[in-house]
Amino acid sequence: MNKDELSFVVAVLEESLKPYRSVYPSHAELPDVGIERQAILDEMSAMADAERDHWSTGRASGAVYRGDEAHMEFMSDVYRLNVELNPLHPDLWPRATRYEAEVVSMTGSFLGADRSSTRNADGGVAGLMTSGGTDSILTAVRSARDFAAAERGVTRPSVVMPASAHPAFDKACQYFGLEAVRVPVGLDGKADVAAMEQAIDDQCAMVVGSAPSFPWGVIDPVTELAGMAEGRGVWFHTDACLGGFLLPFMAELGEPVPAFDFSVPGVTSISVDTHKYGYGAKGTSVLLFRNKALRRYSYFMTTSWAGGLYNSPTAAGSRPGALLAQAWAAMLSAGRQGYLDAAARIRATHKRIRDGLEAIGEIRVLGDSLFVLAFTVDGFDVYALQDLLAARGWNLTGLQFPAALHLAVTLVTTEDGVAGSFLRDVQDGVGTLRNEPERPSVMAPIYGLGQSLDTEVRLEDVLTGYLDVQFEV
Ligand SMILES: Cc1ncc(COP(=O)(O)O)c(C=O)c1O
């Protein structure tokens with residue numbers, strides 16, 4: 001790809017990301033006089049209507065975890081009642097501390113807090129809320145770094161993680177000055193315990209396992225990995241951002257879920273997202289620590305600022321208390337039975353789609369996930385299949401190493417007709433590829449940039465362009 005071709009790609013992106021430029025006036029500057037509230041609401045409402053079909057019909061992977069109108073209304077009502085909340089001022093809004101403490105405690109209650117073997121000695125599981133999975137991971141890595149420095153004198157800290165672990169761990173390493181050590185996974189997509197063991201040295205500050213990892217949705221062997229870390233005094237983090245609100249309930253329904261929570265000796269912290277399968281609105285996650293003393297590694301405080309005494313647990317200062325309220329309300333309104341029912345529906349839809357995909361000769365499903373469908377198509381360019389599905393409204397994630405597609409089943413996918421139309425569309429797409437085996441795709445050349453040396457443009461340039469476009473008016 002050369003620079004002209006990059007400009008073309010960015011222009012195409014611009015058109016798809018900025019559809020309102022031609023419909024509404026752009027506000028590059030403040031309007032001189034405030035616009036009528038009703039007019040603002042009308043414009044927002046029209047944009048929301050224009051976008052609704054993209055996500056509400058179950059055709060977008062993992063973007064919306066629960067989208068029924070009654071739930072959305074309830075979340076809006078909860079927000080309305082808590083608009084002014086900022087947990088940075090707990091004296092003004094003690095209800096914010098109630099929401100946070102109870103969300104943390106309820107989350108720990110189904111992630112093995114009561115089965116923690118150290119519970120009597122250390123007082124048991126403690127936690128806090130963050131702005132999302134990435135924030136929970138950033139906070140965990142920073143805490144592990146400081147723990148390793150304090151307890152083991154580690155000065156060149158690293159994070160040892162399977163290749164499948166979320167990029168939030170790389171981001172944490174980049175932000176906080178740790179070395180990111182990625183270890184290839186086994187053929188089943190899970191962490192390779194022996195290879196991970198080889199990668200751990202005396203500077204290792206954290207070992208990571210996922211329950212499950214994003215790409216194939218498979219669960220790493222947490223018991224083995226955490227045991228190995230514990231033997232070396234190293235912090236072990238289970239990333240259950242994606243599965244923390246599903247797997248415990250699937251286990252209760254009899255599904256084969258390997259242990260990944262605080263019942264496993266050596267698990268030091270767990271990230272778990274209320275804004276995914278917890279069904280809260282976007283902007284919250286829970287970070288759990290095995291005990292209170294470990295949580296203190298996340299605290300920041302200063303006693304020498306002219307503005308007064310200051311403390312806060314995460315990167316944020318002020319935090320949106322209304323979002324904590326939404327997580328609290330979503331959990332209370334679902335209850336254990338709600339999460340069990342959701343897990344059962346998601347599991348059944350996943351099985352149905354998986355069986356249907358496996359019945360299509362060329363399709364190969366990757367990994368033994370309980371709710372993610374990662375699949376490739378033998379003999380054809382899988383990204384060409386992605387384009388064909390996109391033309392029918394499906395928004396799937398493109399995976400690489402190997403090239404594959406990813407659909408995370410959520411409650412939206414379990415709605416009537418979604419699984420059937422997905423299978424029909426995949427079947428039709430594969431039919432098209434049988435007739436046109438060399439059909440080119442949009443994404444293949446872009447992913448290909450990662451491998452090609454004789455190109456003016458790097459994959460990073462494409463990603464930079466993608467972000468730059470988003471910030472333009
Ligand atoms: C396994 C896993 N960890 C972490 C994250 C990051 O979560 P967030 O996008 O909320 O920052 C994700 C997001 O999909 C994930 O799947």
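All of these numbers come straight from a predicted model, not from anything done at the bench. We use all heavy atoms of the structure for the numbers below, so side chains are in, but hydrogens, waters and symmetry mates are not. Counting starts at 1 for both ligands and their atoms, following the listed order.
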Handout entry: Residue, atom name and distance, where the atom is the protein heavy atom closest to atom 15 (C) of ligand 1
Key = His166 CD2, 3.5 Å

Problem - Salt-bridge contact Lys190-Asp220 (side-chain N to carboxylate O under 4.0 Å) - result: no

Exercise for the section: Apply the ring-ring contact (aromatic ring centres under 6.0 Å, His included) test between Phe245 and each candidate in Phe371, Tyr277, Tyr339; give the one that qualifies. Expected result: Tyr339

Practice task
Could you tell me whether Lys18 and Glu472 have a side-chain N and a carboxylate O separated by less than 4.0 Å?
Solution key: no

Problem - N/O separation below 3.5 Å, Gly133 to ligand 1 - result: yes

Problem - Between Ser136 and Thr130, a side-chain donor and acceptor under 3.5 Å - result: yes

Problem - ligand 1 atoms in contact with Asp273 (distance to a heavy atom under 4.0 Å) - result: 7 (O), 10 (O)

Problem - Ligand-side contact atoms (ligand 1) for residue partner Ile137, heavy atom cut-off under 4.0 Å - result: 4 (C)

Problem - Side-chain ion pair, Asp122 and Lys292, N-O less than 4.0 Å - result: no

Practice task
Check whether any side-chain N or O of Asp461 sits under 3.5 Å from a backbone N or O of Arg458 as a donor-acceptor pair, and report yes or no.
Solution key: yes

Practice task
Using a 4.0 Å heavy-atom threshold (strictly under), name the region of Asp239 that reaches ligand 1: side chain, backbone, both or neither.
Solution key: side chain

Exercise for the section: Report the nearest protein non-hydrogen atom to atom 11 (O) of ligand 1: residue, atom name, distance rounded to 0.1 Å. Expected result: Thr134 OG1, 2.5 Å

Practice task
For Cys241, take its heavy atoms, then give the atoms of ligand 1 lying under 4.0 Å from any of them.
Solution key: 2 (C), 3 (N), 4 (C)

Completion exercise
Closest to atom 10 (O) of ligand 1 among protein heavy atoms sits His275 NE2, 2.8 Å

Fill in the blank from the handout: among protein heavy atoms, the one nearest atom 7 (O) of ligand 1 is Lys276 NZ, 2.8 Å

Handout entry: Aromatic ring proximity His406/Phe214, centre distance under 6.0 Å
Key = yes

Exercise for the section: Report the part of Asp135 (side chain from C-beta onward, or backbone N, CA, C, O) that has a heavy atom under 4.0 Å from ligand 1; answer both or neither where that applies. Expected result: neither

Practice task
Flag the pair Arg345 and Glu415 as a salt bridge only when some basic side-chain nitrogen lies within less than 4.0 angstrom of an acidic carboxylate oxygen.
Solution key: yes

Exercise for the section: Could you tell me whether Pro212 approaches ligand 1 through its side chain, its backbone, both or neither, with non-hydrogen atoms closer than 4.0 Å? Expected result: backbone

